[in-house]
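For clarity, every value in this text was computed on a predicted model and none was experimentally measured.
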Amino acid sequence: MTLEYKITEMLLPFRLTWKNRATSDLIWAVRLVAEDANRIDAVDKEVYAVIAKARCCTWRGIESNIRRAMEQAWKHNRGYMEVLAGHPLDACPTAAEFIYICARAIIRQQTAENLKSMT
């Protein structure tokens with residue numbers, strides 16, 4: 001199963017529109033951070049700028065798209081977002097926090113699958 005597919009499946013409860021560029025950018029950002037969690041430390045350069053270069057737009061546009069998708073996710077299923085985060089959220093997270101929450105959930109899932117296959 002591809003990483004993009006796993007991320008897409010994880011995001012299903014948020015009822016995001018899959019044909020939407022914002023959702024596509026979110027999936028791409030989560031994949032980048034899931035592949036290398038250190039990218040979250042320089043999210044503007046290591047995530048937004050990478051996607052922006054491929055999309056021929058600005059990194060701020062990418063961040064804005066991801067924020068839009070995240071706000072929809074918060075609106076549609078805050079409880080599930082808190083499950084992914086592993087703790088209650090007092091407010092809607094930032095775009096970078098949401099990417100990290102999703103990437104961390106994917107990393108946990110992959111680790112569990114790897115451990116399961118080893119037994």
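- Contact detail for Ala34 and Ala103: the closest heavy-atom pair is N-CB, 3.8 Å.
- Residues Ala96 and Ile40 approach most closely at O-CD1, 3.5 Å, considering heavy atoms.
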Q: Apply side chain to side chain contact (heavy atoms under 4.5 Å, CB included) to Val47 and Trp28, showing your working.
A: CA-CA 9 Å; Val47 179; Trp28 195 344; over 6 Å; no
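- Residues passing the side chain to side chain donor-acceptor pair (under 3.5 Å) test with Arg78, sequence neighbours excluded: Glu82.
- Judged purely by atom type and a 3.5 angstrom limit, Asp25 has no side-chain atom pairing as donor or acceptor with the backbone of Asn65.
- Here the NE2 atom belonging to His76 is positioned 7.5 Å from the CG atom belonging to Leu16, to the nearest 0.5 angstrom.
- Hydrophobic clustering, with ILVMFWY side chains joined whenever heavy atoms are under 4.5 angstrom apart, keeps Val83 apart from Leu89.
- Between atom CD of residue Glu9 and atom CG of residue Leu12 there is a gap of 5.0 Å, rounded to the nearest 0.5 Å.
- Using a 4.5 Å heavy-atom cutoff, the side chains of Arg55 and Ser24 are in contact.
- Remark: Thr8 OG1 to Ile27 CD1 distance equals 3.5 Å, nearest 0.5 Å.
- When side chains are defined from C-beta on, Arg15 does not count as touching Asn77, because their heavy atoms never get closer than 4.5 Å.
- Across Gly86 and Arg104, no two heavy atoms sit closer than the pair N-NH2, 4.4 Å.
- Between Ala37 and Ile107 the shortest heavy-atom distance is CB-CD1, 4.5 Å.
- In the model, Arg60 has no side-chain atom that pairs as donor or acceptor with a side-chain atom of Ser64 under 3.5 Å.
- Inter-residue side-chain proximity for Pro93 and Met81 is flagged as met; some heavy-atom pair is nearer than 4.5 Å.
- Atom CD of Glu63 and atom OG1 of Thr58 lie 9.5 Å apart (nearest 0.5 Å).
- Using a cutoff of 4.0 Å between basic side-chain nitrogens and carboxylate oxygens, Glu71 and Lys75 are not scored as salt-bridged.
- Closest approach of Ile62 and Cys57 over heavy atoms only: CD1-SG, 3.6 Å.
- Side-chain contact between Met10 and Lys6 is absent, with no heavy atoms from C-beta onward closer than 4.5 Å.
- Pairs passing the ring-ring contact (aromatic ring centres under 6.0 Å, His included) check and including a residue from residues 90-118, sequence neighbours excluded, read Phe14-Phe98.
- Separating the CG atom in Leu84 from the SG atom in Cys102 is a distance of 6.0 Å, to the nearest 0.5 Å.
- Using a 4.5 Å cut-off on side-chain heavy atoms (C-beta onward), Ile106 and Gln110 make contact.
- Applying side chain to side chain contact (heavy atoms under 4.5 Å, CB included) to Arg31 and the options Leu3, Ile99, Thr2 leaves one that passes, Leu3.
- Side chain of Arg39 to main chain of Leu32: a donor-acceptor pair is present (N/O by atom type, distance under 3.5 Å, no hydrogens or angles).
- In this structure, CZ on Arg68 lies 7.5 Å from CG on Asn20, to the nearest 0.5 angstrom.
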